[in-house]
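Remember, predicted model here, so these are calculated numbers, not experimental data.
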Amino acid sequence: QVQLVESGGGMVQPGGSLRLSCVASGSIFSGNAMGWYRQTPGKEYDFVSGITWSEGGTYYSDSVKGRFTISRDSAKNTVYLQMNSLKPEDTAVYYCAADKYLRTTGWGAFLGIRPTDLNSWGQGTQVTVSS
């Protein structure tokens, strides 16, 4: 099991930017995908973005499309989430997670579940957007 550690969270004003990082210890298999979930108190987990490790195919939820960009650095075993034009509703704990990516199920397998349902997940980093 790959260990994942997130960093980069913090407090920012509306319209500002943050970049989250997720470093994986151990090898990430080419058939895996990594992504970001977020959760606000009392709400379900929301899968906001994902990237396939080998091909770099990406997914964005409608709520972040056009504002967030996910990328990976294979040499550093790291996934990034660049978050621009942040809104108060982006306030949440953001979790990195990883698991196999199957063409038969696609990103659908990552939706509607908890990051702890996947093979690997991190402890989360708080993002607060407030004036």
What pairs with [X] under side chain to side chain donor-acceptor pair (under 3.5 Å), at least two apart in sequence or on another chain?
{"X": "Gln82", "result": "Asn84"}
{"X": "Asp73", "result": "none"}
{"X": "Thr116", "result": "none"}
{"X": "Ser54", "result": "none"}

Next item on the list: Would you please name every residue forming a side chain to side chain contact (heavy atoms under 4.5 Å, CB included) with Ala92, sequence neighbours left out?
Entry: Arg38, Thr40, Tyr94
Check: What distance do Leu111 atom CG and Asp46 atom CG have between them, rounded to the nearest 0.5 Å?
Finding: 9.0 Å
Checklist line | Any residue meeting salt bridge (charged side-chain N to carboxylate O under 4.0 Å, His left out) with Arg67, in chain and number order, not counting sequence neighbours | finding: Asp90
Margin query: My understanding is that only residues two or more places apart in sequence, or in another chain, count here; which of them pass salt bridge (charged side-chain N to carboxylate O under 4.0 Å, His left out) with Lys65?
Written below: Asp62
Margin query: Please list all pairs meeting ring pair (Phe, Tyr, Trp, His ring centres under 6.0 Å) that have one or both residues in residues 109-131, counting only residues at least two apart or in different chains.
Written below: Phe47-Phe110, Trp107-Phe110
Notebook entry, point to check: Any ring pair (Phe, Tyr, Trp, His ring centres under 6.0 Å) pairs touching residues 14-33, not counting sequence neighbours?
Noted result: none
Next item on the list: With sequence neighbours excluded, give me every salt bridge (charged side-chain N to carboxylate O under 4.0 Å, His left out) pair touching residues 101-115.
Entry: Glu55-Arg103
Next item on the list: Provide the full list of salt bridge (charged side-chain N to carboxylate O under 4.0 Å, His left out) pairs with a residue in residues 1-21, sequence neighbours left out, each pair given once.
Entry: none
Checklist line | Contacts of Tyr45 that satisfy ring-ring contact (aromatic ring centres under 6.0 Å, His included) - sequence neighbours left out | finding: Tyr95
Next item on the list: Establish, from distance only, whether the side-chain atoms of Ser61 and Ser63 form a donor-acceptor pair under 3.5 Å.
Entry: yes
